[in-house]
*Asks:* 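My questions will all concern the structure given below.
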Number of protein chains: 2
Amino acid sequence: MGVDKPASKMFIQIVRELREIIQNEKIPPGGKIPSERVLAERLNVGRSSIREALRSLELLGLIETRRGGGTFVADFRNHQLVEVLSTFILQEEKTLRNVHETRKILERDAIRIVAEDEKLRNLPVWESLLTNLIIEGRIEREDLMREIIITSNNRLVLKIWILLKQYGKEPYNGLSTEEEQPFLQTFISEIMLGHTEEAIQAFELWTMLLHKERE
Amino acid sequence: MGVDKPASKMFIQIVRELREIIQNEKIPPGGKIPSERVLAERLNVGRSSIREALRSLELLGLIETRRGGGTFVADFRNHQLVEVLSTFILQEEKTLRNVHETRKILERDAIRIVAEDEKLRNLPVWESLLTNLIIEGRIEREDLMREIIITSNNRLVLKIWILLKQYGKEPYNGLSTEEEQPFLQTFISEIMLGHTEEAIQAFELWTMLLHKERE
DNA sequence: TGTTCAAAAGTGGTCAGACCACTTTTATAG
DNA sequence: CTATAAAAGTGGTCTGACCACTTTTGAACA
């Protein structure tokens with residue numbers, strides 16, 4: 001029942017634990033979460049750690065807090081997402097593929113939106129990303145996709161994406177390698193040119209490469 | 001320079017302050033943020049409050065933390081930190097539109113998957129749906145989309161879709177009307193023929209029609 | 001018995017201070 | 001000038017203490 005202390009990221013662990021608690025005890029949207037003090041004791045951690053985790057979830061809009069009242073699962077669409085996702089993930093490992101696929105769906109669409117909108121695809125971000133790529137030869141994959149999704153301007157998608165990312169333990173997680181550079185370069189360039197389909201194709205190739213590498 | 005105490009959501013205030021600090025002092029991606037203790041003193045708040053704000057940003061992937069080293073602006077180049085923060089903080093309430101958009105993203109992709117897979121698009125379901133449409137002239141929209149999504153074979157997407165559907169209070173919810181029939185007919189036919197882009201186009205037209213009707 | 005309402009308990013919000021483990025800087029010995 | 005050990009700095013965590021507010025409780029009253 002206790003929480004391990006993996007040296008760092010304890011509050012991330014607690015976020016996980018919270019998800020399990022919400023799921024196991026079937027706390028519905030709008031339902032009350034155990035108090036901070038109770039959680040601290042149950043998980044054998046300090047109250048401050050619990051709070052760091054709760055505040056994170058609150059910024060994401062997954063829980064609501066009422067001073068003097070308690071903490072509640074958000075009475076809103078998003079938290080249920082958490083429930084759905086945790087239920088899903090905790091079931092079987094084969095569903096991991098679904099998580100990846102779903103994430104790719106969201107990513108692909110964000111690319112479309114950005115590439116097809118003149119204003120969005122002409123933001124200076126892409127230019128500098130490209131420059132950086134050429135100079136340094138590397139880019140954090142997650143960061144690139146996050147940037148695209150943020151630009152695509154759908155908060156809900158961003159939230160879902162972040163959640164999926166946390167669960168996904170994506171096979172690709174490091175920096176881009178040299179082999180990938182041409183794909184990445186093409187990818188970003190096509191976006192900037194507004195060549196939607198080409199951009200997506202480059203994205204697919206890139207993704208494929210990433211999966212192949214790590215197997 | 002101090003932080004107000006608006007009764008609640010202090011850590012949100014701190015997130016705001018952090019944004020300003022990063023902006024005003026032009027801390028670049030990868031650059032170092034003042035230490036927690038320094039921030040606490042500068043903003044006249046306790047260190048724990050600072051930490052709650054920082055942990056939130058960390059969960060969002062906007063900052064990085066190195067034990068013993070310090071806290072840094074996330075090292076992805078030229079990210080739109082300011083925009084992200086305002087997106088989350090300003091709580092723009094165009095949420096409902098986001099829900100619809102997200103749902104459409106999932107639907108569109110399901111259509112692609114079905115149309116591009118020979119086995120899936122040749123299932124007898126579509127034939128009988130088409131027949132029904134012609135004979136009875138009506139189809140439950142939700143049923144059609146559900147069928148497509150189920151066929152696309154991603155349970156996670158299905159769950160998310162159902163969820164979004166519940167919250168969406170979609171403007172279209174009834175049976176199809178006569179005007180829509182040609183679009184629907186085209187839509188299903190194109191899927192069966194494996195004409196992905198045409199099917200999606202028909203889908204878009206259909207969707208557009210539905211929205212127009214109810215406004 | 002039923003209602004009212006004030007006290008008590010519970011809860012989130014915040015702060016201060018204390019360690020720990022780790023990294024960076026500084027100062028010293030060679 | 002360099003190597004290395006000490007010191008300072010930093011994030012990570014816990015504890016305990018108040019505060020302001022809400023919920024619950026229980027006793028007095030009608």
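To find a chain, count down the sequence lines: A is the first, B the second, and so on, and within it residues start at 1.
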*Asks:* Keeping to residues at least two apart or across chains, list the salt bridge (charged side-chain N to carboxylate O under 4.0 Å, His left out) pairs with something in residues 110-132 of chain A.
*Replies:*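 Those involving residues 110-132 of chain A are A:Arg112-A:Glu197.
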*Asks:* When you measure from the side chain of A:Arg51, which nucleotide among D:dC14, D:dG11, C:dT14 comes out closest?
*Replies:*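 For A:Arg51, the side-chain atoms sit closest to C:dT14.
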*Asks:* Round to a whole Å and report the spacing from CD of A:Glu52 to C1' of D:dT15.
*Replies:*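 In whole Å, D:dT15 C1' lies 14 Å from A:Glu52 CD.
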*Asks:* Just the rounded figure in Å: distance from C1' of D:dT13 to CD1 of A:Ile12.
*Replies:*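 It works out to 16 Å between those atoms.
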*Asks:* Between protein and nucleotides 16-22 of chain D, map the contacts as a letter string: B base, S sugar-phosphate only, - none, heavy atoms under 4.0 Å, written 5' to 3'.
*Replies:* -BB--BS
*Asks:* Rounding to an integer number of Å, can you tell me how far A:Leu57 CG sits from C:dG12 C1'?
*Replies:*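 Interatomic distance, CG of A:Leu57 to C1' of C:dG12: 15 Å.
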*Asks:* Measure the distance from CZ on A:Phe11 to C1' on D:dT13 and round it to the nearest whole Å.
*Replies:*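 Rounding to the nearest Å, CZ of A:Phe11 and C1' of D:dT13 are 14 Å apart.
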*Asks:* Answer yes when B:Arg37 and B:Glu41 have at least one side-chain N-carboxylate O distance shorter than 4.0 Å, and no when they do not.
*Replies:*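 Looking at B:Arg37 and B:Glu41, the cut-off is not met.
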*Asks:* Starting at atom CG of A:Leu59, determine the distance to atom P of C:dG13, rounded to an integer number of angstrom.
*Replies:*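 Those two atoms, CG and P, are 14 Å apart.
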*Asks:* With a cut-off of less than 4.0 Å, is there a side-chain N or O of A:Ser48 near OP1 or OP2 of D:dT15?
*Replies:*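 Negative; the distance criterion is not met.
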*Asks:* Atom CG of B:Leu39 to atom C1' of D:dG9: distance rounded to whole Å?
*Replies:*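 The answer, rounded to whole Å, is 14 Å.
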*Asks:* Take atom CD in A:Gln201; do more than 12 heavy atoms of anything else shown fall under 6.0 Å from it?
*Replies:*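 No - once you tally the heavy atoms of other residues, nucleotides and ligands closer than 6.0 Å, there are 12 at most.
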*Asks:* At their closest point, which heavy atom of A:Pro34 faces which heavy atom of A:Ile27, and how far apart are they?
*Replies:*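 In this case the closest contact between A:Pro34 and A:Ile27 is CD-CD1, 4.2 Å.
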*Asks:* OP1 or OP2 of C:dG10 versus the side-chain N and O atoms of A:Ser35: is any pair under 4.0 Å?
*Replies:*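 Negative; the distance criterion is not met.
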*Asks:* Just how far, in rounded Å, is C1' of D:dG11 from CD of B:Glu64?
*Replies:*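 Result: 14 Å.
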*Asks:* Find the bend of the helix from C:dT1-D:dA30 to C:dG30-D:dC1 as the angle between its two terminal axes (five pairs each), to the nearest 10°.
*Replies:*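 The angle separating the two end axes equals 20°.
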*Asks:* Nearest whole angstrom, please: distance from the C1' of C:dG10 to the NZ of A:Lys32.
*Replies:*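 Going from NZ in A:Lys32 over to C1' in C:dG10 covers 8 Å.
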*Asks:* Between A:Arg55 and B:Glu58, does at least one N-O distance fall below 4.0 Å, as a salt bridge requires?
*Replies:*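 No, no charged N to carboxylate O under 4.0 Å.
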*Asks:* May I ask you to say what B:Thr65 touches in the nucleic acid, namely base, sugar-phosphate or nothing, with a heavy-atom cut-off under 4.0 Å?
*Replies:*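 Sugar-phosphate contact only.
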*Asks:* Side chain of A:Ser49, backbone of A:Val45: donor and acceptor closer than 3.5 Å?
*Replies:*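 No, A:Ser49 side chain to A:Val45 backbone: no donor-acceptor pair under 3.5 Å.
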*Asks:* Using heavy atoms to find the nearest nucleotide of DNA chain C for A:Glu36 and B:Gly46 separately, return the residue whose nucleotide is more 5′.
*Replies:*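 Here A:Glu36 is the residue nearer the 5' end.
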*Asks:* Check whether A:Phe72 forms a cation-pi arrangement with A:Arg66 (NZ or CZ under 6.0 Å from the six-membered ring centre, at most 45° off the ring normal).
*Replies:*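 Yes, cation above the ring, under 6.0 Å and within 45°.
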*Asks:* Quick one, A:Asn154 with B:Thr102, criterion side-chain hydrogen bond (donor to acceptor under 3.5 Å, both in side chains). Give me CA distance, side-chain angles, the key distance, then yes/no.
*Replies:* CA-CA 8 Å; A:Asn154 182 324; B:Thr102 307; 3.3 Å; yes
*Asks:* Is there a side-chain polar atom (N or O) of B:Ser49 under 4.0 Å from OP1 or OP2 of C:dC15?
*Replies:*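 The answer is yes; a side-chain N or O of B:Ser49 sits under 4.0 Å from OP1 or OP2.
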*Asks:* Donor-acceptor pair, distance only, cut-off 3.5 Å: does the side chain of A:Trp126 make one with the backbone of A:Leu120?
*Replies:*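 Yes; at least one donor-acceptor contact below 3.5 Å.
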